[in-house]
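What follows is a single structure, written as structure tokens, with notes after it.
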Amino acid sequence: MLTLQTIKADPQFVINRLAVKGFDGKKIINEILDIDARRRRLQQKCDSDANELKKLAASIGALMKEGKKDEAEEAKGKVAEIKEETKKMQKELEESENEMRELLLTVPNLPNADVPEGLTAEDNVTVKTGGKMPELGPDALPHWDLAKKYNLIDFELGVKVTGAGFPFYIGKGARLQRALIQFFLDSAAEAGYTEVEPPFVVNAASGYGTGQLPDKEGQMYHVTVDDLYLIPTAEVPVTNIYRDVIIPAGELPKKNCAYSPCWRREAGSYGKDVRGLNRLHQFDKVEIVRIEKPEDSYAALEEMKAHVENLLNGLGLPWRILKLCGGDMSFTSAITFDFEVWSAAQQRWLEVSSVSNFETYQANRLKCRYRDDKKTKLCHTLNGSALALPRIVAAILEDFQTPEGIIVPECLRKYTGFDLIN
């Protein structure tokens, strides 16, 4: 969340930057400032009363020595009054602090100055492209037909066992999934990321720490009996490793990667965009997470983008990178770059990764800090998909289809044990 210091330093700047995300922040920023002013008045009164109590306590002892019992009793009565008043003010102070935090949790992160203005995906800016566009014949099939033809994925069985958006991967389809996961993990290890295998459910505190709560509560699967949430991405448990942690400056950066299944309700999704693997409720993903000093985080962001680019080049898929406009960014992000691959049979781009810098926004919620020269400072947090599997699988099936079968990318063959799906 935004720090109070950021808001107080220049409220109008904060309001203007929030507007780039399409968020009208005038009312809530003014409410936060009003609560802060009330809180400071209460704190000043509490501090003043505490000083008064010290003076009265000293005077009572002196009055008793001087035999001025009536005056001492009067001073004691005043002490009792002040203590009672202080108790009420401390309760009001606590209520103000809670009210302040609840409001701060509902304010999005400020977009970086380099974020383009715009409200929808049409306003995103293509910054780079790569790979060779495939040339398919008129008989090319979309991935859901290819999956059925080669018995790779059973969507209907998933509907029977669980529901729509929970497919079964079968035979070579399952092997392809495992191959991609291992390729992504091995590549991350080569790039210096330490692998962790996190829990796949988290508590509410973790959801608040990375900003899924309260913003995306309706998109998460909630295990109500235990008040736990199925993770929408490994970003949540991995970043929360550093919740309430002060990291020695010399130990930064922290670089982690993790494989996990991910669950998203995707409420309101419908139409052609959700067919086949385009949009699922459960899918596999490898995530990379970095904890950085603020002055190093944008160089780290470029490294993460290059890492994802190398993965796509290794797979031989055509890709493009989009810099997201303010209105298409997530609640928590300061800047985001989306990677998309070309789906040849569908003739459309499919998002396969988002690489984001959150600057201090998540760190402030997490209390993730580092110690430098005996001072503690907020870290910058970053994460990215490296990569999400469903649309990668869709693109591989479609882009590499031939009359003889589907050609497996060379980088995966040592994991699959086969070079052709037929």
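Counting from 1, the numbers follow the sequence of the chain as shown.
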Between [Y] and [X], is there a side-chain heavy-atom distance shorter than 4.5 Å?
X	Y	value
Ile28	Thr106	yes
Tyr229	Tyr221	no
Ile153	Phe168	no
Leu2	Val14	yes
Pro232	Cys262	no
Lys160	Leu157	yes

Do any N or O atoms from the side chain of [X] and from the backbone of [Y] form a donor-acceptor pair under 3.5 angstrom?
X	Y	result
Asn124	Cys325	yes
Glu398	Ala345	yes
His143	Gly276	no
Arg371	Lys377	no
Arg365	Thr210	no
Ser330	Ser333	yes
Asp419	Val408	no
Asn357	Ala334	no

Please check if any side-chain donor atom of Glu102 sits under 3.5 Å from a side-chain acceptor atom of Asn98, or the reverse. no
When you check the side-chain N and O atoms of Gln177 and Asp284, is any donor under 3.5 Å from an acceptor?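 Distance-only check passes for Gln177 and Asp284.
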Check the orientation of Phe331 and Tyr361. Use parallel for under 30°, tilted for 30 to 60°, and perpendicular for over 60°. perpendicular
Over 60° means perpendicular and under 30° means parallel, so classify the ring planes of Phe200 and Trp263, tilted if in between. tilted
Can we say [X] and [Y] salt-bridge, meaning some charged N sits less than 4.0 Å from an Asp/Glu carboxylate O?
X	Y	answer
Arg39	Asp36	yes
Glu99	Arg38	yes
Asp49	Lys45	yes
Glu94	Lys91	no

Given side-chain hydrogen bond (donor to acceptor under 3.5 Å, both in side chains), test Asn278 with Gln346 step by step and report yes or no. CA-CA 10 Å; Asn278 288 346; Gln346 297 180 79; 2.8 Å; yes
Can you tell me if [X] has over 12 outside heavy atoms packed within less than 6.0 Å of its [atom1]?
X	atom1	answer
Glu135	CD	no
Glu52	CD	yes
Glu197	CD	no
Glu31	CD	yes
Lys293	NZ	yes
Lys26	NZ	no

Trp319 and Trp342: aromatic ring centres closer than 6.0 Å?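 When the ring centroids of Trp319 and Trp342 are compared, they turn out to be at least 6.0 Å apart.
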Please confirm whether Lys172 makes a cation-pi placement over Phe418, using NZ or CZ under 6.0 Å from the six-membered ring centre and within 45° of the ring normal. yes
Whether Lys255 engages the ring of Tyr193 as a cation-pi pair (distance to the six-membered ring centre under 6.0 angstrom, angle to the ring normal within 45°) should be assessed. yes
So which heavy atom on [X] is nearest to which on [Y], and how close?
X	Y	answer
Leu230	Val223	CD1-CG2, 3.4 Å
Leu387	Leu312	CD1-CD2, 3.7 Å
Leu317	Ile396	CD2-N, 4.2 Å
Val245	Ile241	CG2-O, 3.8 Å
Ala394	Leu350	CB-CD1, 4.3 Å
Ala386	Leu311	O-CD1, 3.5 Å

Say you draw a straight line from [atom1] of [X] to [atom2] of [Y]; how long is it, rounded to the nearest 0.5 Å?
X	Y	atom1	atom2	answer
Gln182	Thr416	CD	OG1	12.5 Å
His380	Thr360	NE2	OG1	5.0 Å
Trp144	Leu152	CH2	CG	15.0 Å
Glu292	Arg290	CD	CZ	4.5 Å

Hey, mind stepping through Glu85 and Lys88 against salt bridge (Lys or Arg N to Asp or Glu O under 4.0 Å) and telling me if it holds? CA-CA 5 Å; Glu85 185 181 356; Lys88 291 178 183 177; over 6 Å; no
Check each of Glu309, Glu351, Glu340 against Arg320 using the salt bridge (charged side-chain N to carboxylate O under 4.0 Å, His left out) test, and report the only one that passes.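 Among the candidates, only Glu340 passes.
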